[in-house]
Number of protein chains: 2
Amino acid sequence: MGKLERRFRGNLINSIGGFKPLMLLGTQSIEGNNNLATFSSYFHLGADPALCGIVIRPSEPGENTLGNILSNGHYTLNHVLPDFYEKAHQTSAKYPQGISEFEAVGLTPEFRQEIRAPFVKESRVKIACRMEEKIDILLNGTTIIIGRMIHMEFPEDCLLTDGSIDIEMAQSVTCSGLDTYHVTNKLGKLGYAKFNG
Amino acid sequence: MGKLERRFRGNLINSIGGFKPLMLLGTQSIEGNNNLATFSSYFHLGADPALCGIVIRPSEPGENTLGNILSNGHYTLNHVLPDFYEKAHQTSAKYPQGISEFEAVGLTPEFRQEIRAPFVKESRVKIACRMEEKIDILLNGTTIIIGRMIHMEFPEDCLLTDGSIDIEMAQSVTCSGLDTYHVTNKLGKLGYAKFNG
């Protein structure tokens, strides 16, 4: 399969899956170097305990997202706002070892007590997770990391009475395919669906 | 944990994960009964082979999404349009065994040769998958089903030259939390990010 065809296929299969959550994933190596990368493979796994999954592509051992999560156990997930979605995208470039994506793209690492990973200061919705399980997918060499939420932050005025965070009001960005970014307009909030037999 | 608190927590943890792909998942039982349910836990796993995952919550054995996938191997994923998002939401009500959600909410099952699961005729972007792997998550009793795409359909005029499907042009809907639906406005399509050292 040639290079063009491989990219064409990648774009097609990535985009047909619909709109995705856009997260900046922050980690820190044992040496204290900060790493930041966009991820759109986040999925909800359960609310009690609060569990979520992310998919990580095959990578070389070392100071990268997977290596840092495995060695240190913590990572952060930070929503992206329209005013820095281009910076978020730029973290997906291949930077040489030793260059922090935070500095390279102009985002600010921020720390909270007892969390061994950097948050993105510019984000408004932030989660910290502790790795609970690593699942190796033999079908294609990817890895699913299941994490437990141990910390979360969001704007108080975006919390609705039913417990939902209005992430459109929080200006979170969604993405599609490998490089396309979108804001949203609410169609409706419908409440719990009931059968009227 | 009381009932209100459980729902509050469910809404909070579901919504903090950001915008999600909204899919109507179609299956068929061995007896030929059609089942349709909304899922927002779809995640991309790889493009070659074309693999994706969905999370299924614990359920009783029988004629439901998980039971049908395990007994028959095929399922469909259908994007939702603004003109039927309320019908899609209504499929999440608890219908008695023997009632097809297609009929109950007013959507139309549609079949393609050699696919043993119903598509949603009203959808514009449709995928059929064959189950490749079942992963039991012991942390909370959920199941991840990994599927291989064996068929896909989308409007021809939404296919871009790089292989991406413009799913905003296809009018696909995204969702947040357990009951909120959104359309999108494109911020930008940025192309492949490069390091300029």
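Chain letters run A, B, ... following the sequence lines, proteins first, then strands; residues in each count from 1.
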Student: Keeping A/S15 on the side-chain end and B/S164 on the backbone end, is there a donor-acceptor pair under 3.5 Å?
Tutor: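 Checking the backbone N and O of B/S164 against the side chain of A/S15, no donor-acceptor pair under 3.5 Å is found.
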
Student: Ignoring hydrogens and angles, tell me if any N or O in the side chain of A/R7 forms a donor-acceptor pair with the backbone of B/D162 under 3.5 Å.
Tutor: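 Pair absent, no side-chain N/O of A/R7 close to backbone of B/D162.
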
Student: Is it the side chain or the backbone of A/I137 that comes within 4.5 Å of chain B heavy atoms, both, or neither?
Tutor: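 When you check distances to chain B, only side chain atoms of A/I137 fall under 4.5 Å.
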
Student: Of all of B/L12, B/I165, B/L190, which one pairs up most often with chain A through heavy atoms under 4.5 Å apart?
Tutor: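 The answer is B/L190.
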
Student: Looking at CG of B/N11 and OH of A/Y192, how far apart are the two atoms once the value is rounded to the nearest 0.5 Å?
Tutor: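 Reported value, rounded in 0.5 Å steps: 11.0 Å.
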
Student: Let me know if A/K20 has heavy atoms under 4.5 Å from chain B in its side chain, its backbone, both or neither.
Tutor: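 Looking at A/K20, just its backbone touches chain B.
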
Student: What part of B/L22 lies closer than 4.5 angstrom to a heavy atom of chain A: side chain, backbone, both or neither?
Tutor: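 For B/L22, neither part sits under 4.5 Å from chain A.
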
Student: Report yes if the side chains of A/H182 and B/F19 come closer than 4.5 Å at any heavy-atom pair, otherwise no.
Tutor: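 No, every pair of side-chain atoms sits at 4.5 Å or beyond.
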
Student: Pick from A/A50, A/G141, A/A104, A/S92: which one has the most heavy-atom pairs with chain B under 4.5 Å?
Tutor: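 So the answer, after comparing A/A50, A/G141, A/A104, A/S92, is A/A50.
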
Student: Just how far is it from atom CD1 of B/I144 to atom CD1 of A/I146, taken to the nearest 0.5 Å?
Tutor: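 So the CD1 of B/I144 and the CD1 of A/I146 are separated by 5.0 Å.
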
Student: Pick one of side chain, backbone, both or neither for A/T142, based on which atoms fall under 4.5 Å of a heavy atom in chain B.
Tutor: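 Only the side chain of A/T142 comes within 4.5 Å of chain B.
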
Student: Relative to chain A, which segment of B/L159 carries a heavy atom at a distance below 4.5 Å: side chain, backbone, both, or neither?
Tutor: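 It is the side chain, since no backbone atom gets that close.
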
Student: Following the transitive rule for hydrophobic clusters with a side-chain heavy-atom cut-off under 4.5 Å over Ile, Leu, Val, Met, Phe, Trp and Tyr, establish whether A/I150 and A/F111 coincide in one cluster.
Tutor: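 Different hydrophobic clusters.
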
Student: Is B/I54 in contact with chain A via its backbone, its side chain, both, or neither, using a 4.5 Å heavy-atom distance?
Tutor: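 For B/I54, neither part sits under 4.5 Å from chain A.
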
Student: With only heavy atoms counted, which part of B/V183 is less than 4.5 Å from chain A, the side chain, the backbone, both or neither?
Tutor: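 Its backbone and side chain both get close to chain A.
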
Student: Name the region of B/T161, side chain, backbone, both or neither, that has any atom closer than 4.5 Å to a heavy atom of chain A.
Tutor: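 When you check distances to chain A, only backbone atoms of B/T161 fall under 4.5 Å.
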
Student: Starting from A/L45, can I reach B/I135 by hopping between I/L/V/M/F/W/Y residues whose side chains sit under 4.5 Å apart?
Tutor: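 In one cluster with B/I135: A/L45, yes.
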
Student: With respect to chain A, which residue among B/N140, B/N14, B/V125 yields the maximal number of heavy-atom pairs within a distance under 4.5 Å?
Tutor: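 Among B/N140, B/N14, B/V125, the one with the most close pairs to chain A is B/N14.
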
Student: With only heavy atoms counted, which part of A/V55 is less than 4.5 Å from chain B, the side chain, the backbone, both or neither?
Tutor: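 Answer is side chain: those atoms of A/V55 sit under 4.5 Å from chain B.
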
Student: Within the side chain of A/H89, is there an N or O that forms a donor-acceptor pair under 3.5 Å with the backbone of B/G191?
Tutor: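 Yes: the side chain of A/H89 pairs with the backbone of B/G191.
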
Student: Counting heavy-atom pairs closer than 4.5 Å to chain B, which one of A/S40, A/A47, A/G53 comes out on top?
Tutor: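 Winner by heavy-atom pair count: A/A47.
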
Student: Could you check whether any side-chain heavy atom of B/E168 comes within less than 4.5 Å of a side-chain heavy atom of A/T180, counting everything from C-beta outward?
Tutor: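 No, their side chains stay 4.5 Å or more apart.
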
Student: Is any side-chain heavy atom of B/L138 less than 4.5 Å from a side-chain heavy atom of A/E133?
Tutor: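 When only atoms from C-beta onward are counted, A/E133 and B/L138 do not touch, as no gap falls below 4.5 Å.
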
Student: With chain A, which of B/T174, B/L178, B/I167 has the greatest number of heavy-atom pairs at distances under 4.5 Å?
Tutor: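 Answer, by heavy-atom pair count under 4.5 Å with chain A: B/I167.
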
Student: Which answer fits B/Y181, side chain, backbone, both or neither, if we ask what part of it has an atom under 4.5 Å from a heavy atom of chain A?
Tutor: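 Backbone plus side chain of B/Y181, per the 4.5 Å heavy-atom cut-off to chain A.
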
Student: Where the side chain of B/N185 meets the backbone of A/T184, is there a donor-acceptor pair that is under 3.5 Å apart?
Tutor: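 It does not hold such a pair.
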
Student: In terms of hydrophobic clustering (I, L, V, M, F, W, Y; side-chain heavy atoms under 4.5 Å; direct or indirect links), are B/M152 and B/Y42 co-clustered?
Tutor: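 Shared cluster, yes.
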
Student: Return yes when atom CZ of A/R57 has more than 12 non-hydrogen atoms of other residues, nucleotides or ligands closer than 6.0 Å, and no otherwise.
Tutor: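 12 or below, so no.
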
Student: For B/G177, is there any backbone N or O sitting under 3.5 Å from a side-chain donor or acceptor partner on A/H44?
Tutor: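 A pair under 3.5 Å: no.
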
Student: Give a yes or no on whether A/M169 and B/L187 share a hydrophobic cluster (residues Ile, Leu, Val, Met, Phe, Trp, Tyr; joining criterion: side-chain heavy atoms under 4.5 Å apart).
Tutor: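 They do not share one cluster, since no chain of ILVMFWY contacts under 4.5 Å joins A/M169 to B/L187.
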
Student: Examine whether an atom of B/F43 lies under 4.5 Å from a heavy atom of chain A, and if so say whether it belongs to the side chain, the backbone or both; otherwise answer neither.
Tutor: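 For B/F43, the contact with chain A is made by the side chain alone.
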
Student: Inspect the surroundings of CD in A/E114 and state if more than 12 heavy atoms from other residues, nucleotides or ligands are less than 6.0 Å away.
Tutor: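 Counting other residues, nucleotides and ligands, CD of A/E114 stays at 12 neighbours or fewer.
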
Student: Work out which heavy atom in A/M23 is nearest to a heavy atom in B/I16; give both atom names and the distance.
Tutor: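 Scanning both residues, the minimum pair turns out to be CE-O, 4.2 Å.
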
Student: Hey, can you tell me if B/F195 and A/Y95 have their rings parallel, tilted or perpendicular (30° and 60° cut-offs)?
Tutor: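 It falls in the perpendicular class, over 60°.
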
Student: Begin with the C-alpha distance, continue with both residues' side-chain angles, and end with the deciding distance and a verdict on side chain to side chain contact (heavy atoms under 4.5 Å, CB included) for A/L139 and B/E132.
Tutor: CA-CA 9 Å; A/L139 286 162; B/E132 288 281 324; 3.7 Å; yes

Student: Can you hop from A/F154 to A/I127 via hydrophobic side chains spaced under 4.5 Å?
Tutor: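 Yes; tracing contacts between hydrophobic side chains, which count when under 4.5 Å, links both residues.
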
Student: Could you give the distance from CZ (A/R6) to CG (B/D48), rounded to the nearest 0.5 Å?
Tutor: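 Separation between the atoms: 9.5 Å.
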
Student: Judged by atom type as modelled, is there a donor-acceptor pair below 3.5 Å linking the side chain of A/Q90 to the main-chain atoms of B/K194?
Tutor: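 Yes; judged by distance alone, with no hydrogens or angles, the pair exists.
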
